[in-house]
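Please read these numbers as outputs of a predicted model, since none were measured by experiment.
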Amino acid sequence: MLNKYARAFFTRVLTPFATLLLRLGVSPDAVTLVGTGGVMAGALAFYPRGEFFWGTVVITLFVFSDLVDGNMARQLGRSSRWGAFLDSTLDRVADSAIFAGLALWYAGGGDDLTLCAVTLFCLASGQVVSYTKARGESIGLPVRVNGLVERAERLVISLVAAGFAGLETFGVPYIEWLLPIALWVVAAGSLVTLVQRVVTVRREAAEADAESPQQSQAQAQSESQSQARSGAGSGADASSGTGGETG
């Protein structure tokens, strides 16, 4: 949902920056790589130590690279399969780093194995949610569904909660509970989204399988009728020719 409405807004905001990078000779692929590296560094260097505020600041600075590189490619007027593959793959790597950093905190200094397990579920379910859509589209299905919690929602909910939870180190009271709540929300929402996509793919696959025999039968009937017409025409020509010779 957020991806639908917020992406266009941030794309317009970041267009001048994308234009500047192009003038400096920076490639979209380089932005993708640097952005992913920055997200990983922020997540894995800060989150496992419980430094949620500064980790979120660093991640936020680099996470918008996902919009910048696409903007740059559009301005250049080229869209490559390699660029799309690289961008999608590194998105999964960045997402994994964020939730892995949080899981490491709860497995260590955070001392909460339940929340560690919930965070790992967020990590795994996020990957599977993305895979279901990609796999469905790869077998020719449209996968027409807007999930409850997609990538944009997962990132916004998790990062905002982590950033606010990090304010505890600055003396802001009663705020550390935001991150656990956010992780439970992301876990539940990801599960709902996964079910939505699986149900959608199952329905679309059944519809496609039902249409295939009908299309094959219609094609066979069309070919049969065409052959019949062709045979009738040949017979008529043969009769006409014989009559001419006899006269």
Side-chain angles (χ1 to χ4, degrees), residues 1-49 51-104 119 122-123 125-131 133-134 137 147 149-166 179 182 186 190 193:
M1 291 182 290
L2 283 175
N3 189 53
K4 178 180 179 181
Y5 297 107
R7 193 175 187 90
F9 170 76
F10 283 108
T11 297
R12 289 194 299 270
V13 171
L14 294 171
T15 294
F17 182 61
T19 303
L20 175 62
L21 291 177
L22 289 174
R23 290 176 179 173
L24 294 175
V26 180
S27 70
D29 288 350
V31 172
T32 303
L33 291 168
V34 171
T36 302
V39 170
M40 293 178 64
L44 298 177
F46 291 94
Y47 280 180
R49 296 185 295 173
E51 298 181 7
F52 298 131
F53 178 79
W54 293 114
T56 301
V57 169
V58 173
I59 292 170
T60 303
L61 290 175
F62 287 97
V63 79
F64 286 107
S65 64
D66 187 45
L67 298 177
V68 174
D69 57 6
N71 193 312
M72 294 170 67
R74 285 190 293 274
Q75 289 192 46
L76 289 173
R78 66 185 189 211
S79 178
S80 67
R81 290 183 175 87
W82 163 249
F85 170 81
L86 181 67
D87 185 61
S88 179
T89 301
L90 293 185
D91 282 349
R92 307 288 85 76
V93 173
D95 294 357
S96 297
I98 292 172
F99 288 105
L102 294 172
L104 287 172
T119 306
C122 292
L123 190 161
S125 60
Q127 305 302 310
V128 178
V129 164
S130 298
Y131 174 79
K133 185 174 179 64
E137 291 174 343
V149 176
E150 298 180 316
R151 182 174 186 257
E153 286 83 4
R154 291 196 302 271
L155 288 180
V156 170
I157 293 171
S158 303
L159 292 178
V160 169
F164 276 110
L179 184 54
V186 170
S190 296
T193 303

Problem - Taking every non-hydrogen atom, the tightest pair across Ala182 and Ala161 - result: CB-CB, 3.3 Å

Exercise for the section: To the nearest 0.5 angstrom, please state how far the CG atom of Asp69 sits from the OG1 atom of Thr36. Expected result: 8.5 Å

Problem - For Gln75 against Ala18, the heavy-atom pair lying closest together - result: NE2-CB, 3.7 Å

Practice task
To the nearest 0.5 angstrom, please state how far the OG atom of Ser65 sits from the CG atom of Leu14.
Solution key: 10.0 Å

Practice task
Output yes when a side-chain donor or acceptor of Thr60 lies under 3.5 Å from a complementary backbone atom of Thr56, and no otherwise.
Solution key: yes

Fill in the blank from the handout: One should read off an interatomic distance between Ser158 OG and Leu123 CG, to the nearest 0.5 angstrom, of 10.5 Å

Problem - Gap separating the OG atom of Ser96 from the CG atom of Leu90, nearest 0.5 angstrom - result: 11.0 Å

Problem - Arg49 charged N/C atom sitting above Tyr47 aromatic ring, 6.0 Å / 45° - result: no

Exercise for the section: Quickly, which of Glu153, Arg154, Gln127, Glu150 forms a side chain to side chain contact (heavy atoms under 4.5 Å, CB included) with Ser190? Name it, please. Expected result: Arg154

Problem - Donor-acceptor contact below 3.5 Å, side chain Glu137 vs main chain Ala134 - result: no

Exercise for the section: Identify the two heavy atoms, one from Phe52 and one from Ala162, that lie closest to each other, and give their separation to 0.1 Å. Expected result: CB-O, 3.0 Å

Problem - Shortest non-hydrogen contact from Leu44 toward Ala97 - result: CD2-O, 3.7 Å

Problem - Ser130 side chain reached by Arg151 side chain, heavy atoms, under 4.5 Å - result: no

Exercise for the section: Output the distance between atom CZ (Arg92) and atom CG (Asp87), rounded to the nearest 0.5 Å. Expected result: 8.5 Å

Exercise for the section: Provide the closest heavy-atom pair for Asp29 versus Gly83 in the form atom of the first, atom of the second, distance. Expected result: OD1-CA, 4.0 Å

Problem - Heavy-atom side-chain proximity of Val26 to Val34 below 4.5 angstrom - result: no

Practice task
Return yes if some donor-acceptor pair links the side-chain N/O of Thr193 with the main-chain N/O of Val149 below 3.5 Å, else return no.
Solution key: yes

Handout entry: Nearest-0.5 Å distance that lies between atom CG in Leu20 and atom OG1 in Thr15
Key = 12.5 Å

Exercise for the section: Could you give me the CA-CA distance, side-chain angles and deciding distance for Phe46 and Val57, then say whether side chain to side chain contact (heavy atoms under 4.5 Å, CB included) is met? Expected result: CA-CA 10 Å; Phe46 291 94; Val57 169; over 6 Å; no

Problem - Closest approach of Ile59 to Val39 (non-hydrogen atoms, all atoms of both residues) - result: CG1-O, 3.8 Å

Practice task
Please name all residues satisfying ring pair (Phe, Tyr, Trp, His ring centres under 6.0 Å) with Phe62, sequence neighbours left out, ordered by chain then number.
Solution key: none

